[in-house]
Amino acid sequence: MTSIDNTRPVPQSSRWISLAVTALLLVVLGLFFVLPVIWLLLAPTKTAGELISQGPLTFGSLHNVARAWQNLTSFQDGILFVWLKNSAIYSVGSLVLTLATSVPAGYALALTRFRGRRLLLTITLLVMIMPSAALVLPLFLELNRFGLIGTAWSIILPFSFFPFGVYLVYIYYATSLPTEMLEAARIDGAGEWRTFVSIALPLAKPVIALVAFFSFVGNWNNFFLPYLVLPSTKQFPIQVGLNQLLSSTPSFNPVAGAGLNITSPELALSIIFAILPVLGVFLFSQRALVSGMLAGATKG
């Protein structure tokens, strides 16, 4: 008995309509996200008045960029560079602690068996999906109890707590690492630590790069916790410093002093400087990020 195929080919006109609608949707979404970035790059080339009177995507002059740069760097004796330095210290310091803890933890959860392992994995998943704002008050009370409020450790230690990184490493080791290599090393007499350092750690470079990128970007862009635990302006990271710049801009804060020379072009230029480190890290580690995202897709 032969079966009859009732499927009909899709008409060519319908296929072209579907492609056209998809392309139009992508263009609209692209413009929605790209246009604000273009405006941000062009804003320092104009004065505050030109930003209102001229077209949003027109180019002003390099003279306006130089003037905005001079006003920005003279604000509180160049405190912008102090904020950038603080962000680098907080982000890199916590990144080192994150890698030193999340990589061994992910390896242990994936490839070793011990009492309480499933409970730890469940707790990691629960904390990973918990909103970070829900942990701010307990963290503040804990840091205050140990006298760390107002110190660099009040930022570095909480930033280094990165359960998402532990889970990424766990997924990689559980799905991609050839267990035969580990068994061979153990048969040859290598201990668990030597097996991890000599075999498991070098093979995990792609996922380590992925964890490092997400950790650095999250630490660099964090605002809420530094805003609460750092009392001094000279301790602020760049994200909290941008908030102070915003409050010093008369167009956003009517009670701000007019003599501060901080207007919308200076604010846009400071935002560009806050973005550049993250952009540089992304461009530098792009190949490793792609490898890390594909890690675990297939069993090695």
Closer than 3.5 angstrom, by distance alone: can the side chain of Tyr173 be matched with the main-chain N or O of Ala200 as a donor-acceptor pair?
yes
Plane angle bin for Tyr107 and Phe196 - parallel if under 30°, tilted between 30 and 60°, otherwise perpendicular:
tilted
Taking Gln54 for the side chain and Leu51 for the main chain, is one N or O donor matched with an acceptor at less than 3.5 Å?
no
Could you measure the distance from the CZ atom of Phe81 to the CG atom of Leu72? Nearest 0.5 Å is fine.
7.5 Å
Evaluate the side-chain proximity of Leu31 to Val28: yes if any heavy-atom separation is below 4.5 Å, no if none is.
no
Leu41 side chain near Ile38 side chain, heavy-atom distance below 4.5 Å:
no
Got Val82 and Gln76 here, is their nearest side-chain heavy-atom distance under 4.5 Å?
no
Taking the six-membered ring where the residue is Trp, are the ring centres of Phe159 and Trp220 under 6.0 Å apart?
no
Distance (rounded to the nearest 0.5 Å) between Leu279 CG and Phe282 CZ
8.0 Å
Indicate the atoms forming the closest heavy-atom contact of Ser94 with Asn219, along with that distance.
OG-ND2, 2.7 Å
Whether the Lys46 and Ser61 side chains hold a donor-acceptor pair (N or O, under 3.5 Å, no angle test) is what I'd like checked.
no
ILVMFWY network linking Ile52 to Leu35, side-chain heavy atoms under 4.5 angstrom:
no
Linked, directly or transitively: Ile79 and Trp69 (ILVMFWY side chains, under 4.5 Å):
yes
Is the backbone N or O of Gln235 less than 3.5 Å from a side-chain atom of Trp83, with the two atoms forming a donor-acceptor pair by type?
no
Quick one: closest heavy-atom pair of Ser154 and Val229, and the distance?
OG-CG2, 3.6 Å
Under 3.5 Å, is there a donor-acceptor pair between the side chain of Ser87 and the main chain of Ile238?
yes
Can you list everything that forms a side-chain contact (heavy atoms from CB on, under 4.5 Å) with Ala152? Sequence neighbours excluded, please.
Tyr90, Ile156
For the residue pair Thr263 and Glu266, confirm or rule out a side-chain donor-acceptor distance under 3.5 Å.
yes
Is there side-chain contact between Ile155 and Pro237, with at least one heavy-atom pair below 4.5 Å?
no
Rounded to the nearest 0.5 Å, what separates atom CG in Leu168 from atom CE in Met128?
8.0 Å
Side chains of Val281 and Val217: does their closest heavy-atom pair fall under 4.5 Å?
no
How far apart are the C-alpha atoms of Val211 and Val166, what are their side-chain angles, what is the distance that settles it, and do they pass the side-chain contact (heavy atoms from CB on, under 4.5 Å) test?
CA-CA 8 Å; Val211 172; Val166 176; over 6 Å; no
Is a side-chain donor or acceptor of Asn144 paired with a backbone partner of Ile149 at a separation under 3.5 angstrom?
no
Just wondering, are more than 12 heavy atoms of other shown residues or ligands nearer than 6.0 Å to OH in Tyr227?
no
Of the non-hydrogen atoms in Gln239 and Phe223, which two are nearest, and what is the gap between them?
O-CD1, 3.7 Å
Has Asn64 got a side-chain atom pairing as donor or acceptor with Thr45's backbone, closer than 3.5 angstrom?
yes
Side chains of Leu19 and Thr22, heavy atoms from C-beta outward: is any pair under 4.5 Å?
no
Where do Phe224 and Val136 come nearest, in terms of heavy atoms and distance?
CD2-CG2, 3.6 Å
Tell me whether the count of non-hydrogen atoms from other residues, nucleotides or ligands lying under 6.0 Å of CZ in Arg117 goes above 12.
yes
Are Ile123 and Ile171 connected in a single hydrophobic cluster, I mean Ile/Leu/Val/Met/Phe/Trp/Tyr linked by side-chain heavy atoms less than 4.5 Å apart?
no
Just wondering, more than 12 heavy atoms not from Phe59 lying within 6.0 Å of its CZ?
yes
Could you tell me if the side chain of Leu143 sits less than 4.5 Å from the side chain of Thr151, heavy atoms only?
no
Validation row: Phe214, Leu210 side chains within 4.5 angstrom (heavy atoms):
yes
Heavy-atom pair of closest approach, residues Val197 and Leu201:
O-CB, 3.8 Å
If I compare all heavy atoms of Thr101 with all of Ser160, which pair ends up nearest, and what's the gap?
OG1-O, 4.3 Å
Looking at OH of Tyr167 and CG of Leu125, how far apart are the two atoms once the value is rounded to the nearest 0.5 Å?
5.5 Å
My understanding is that only residues two or more places apart in sequence, or in another chain, count here; which of them pass ring pair (Phe, Tyr, Trp, His ring centres under 6.0 Å) with Phe161?
none
d(Leu157 CG, Leu97 CG) to nearest 0.5 Å is 7.0 Å
To the nearest 0.5 Å, atom CZ of Phe273 lies from atom CG of Leu84 at 8.0 Å
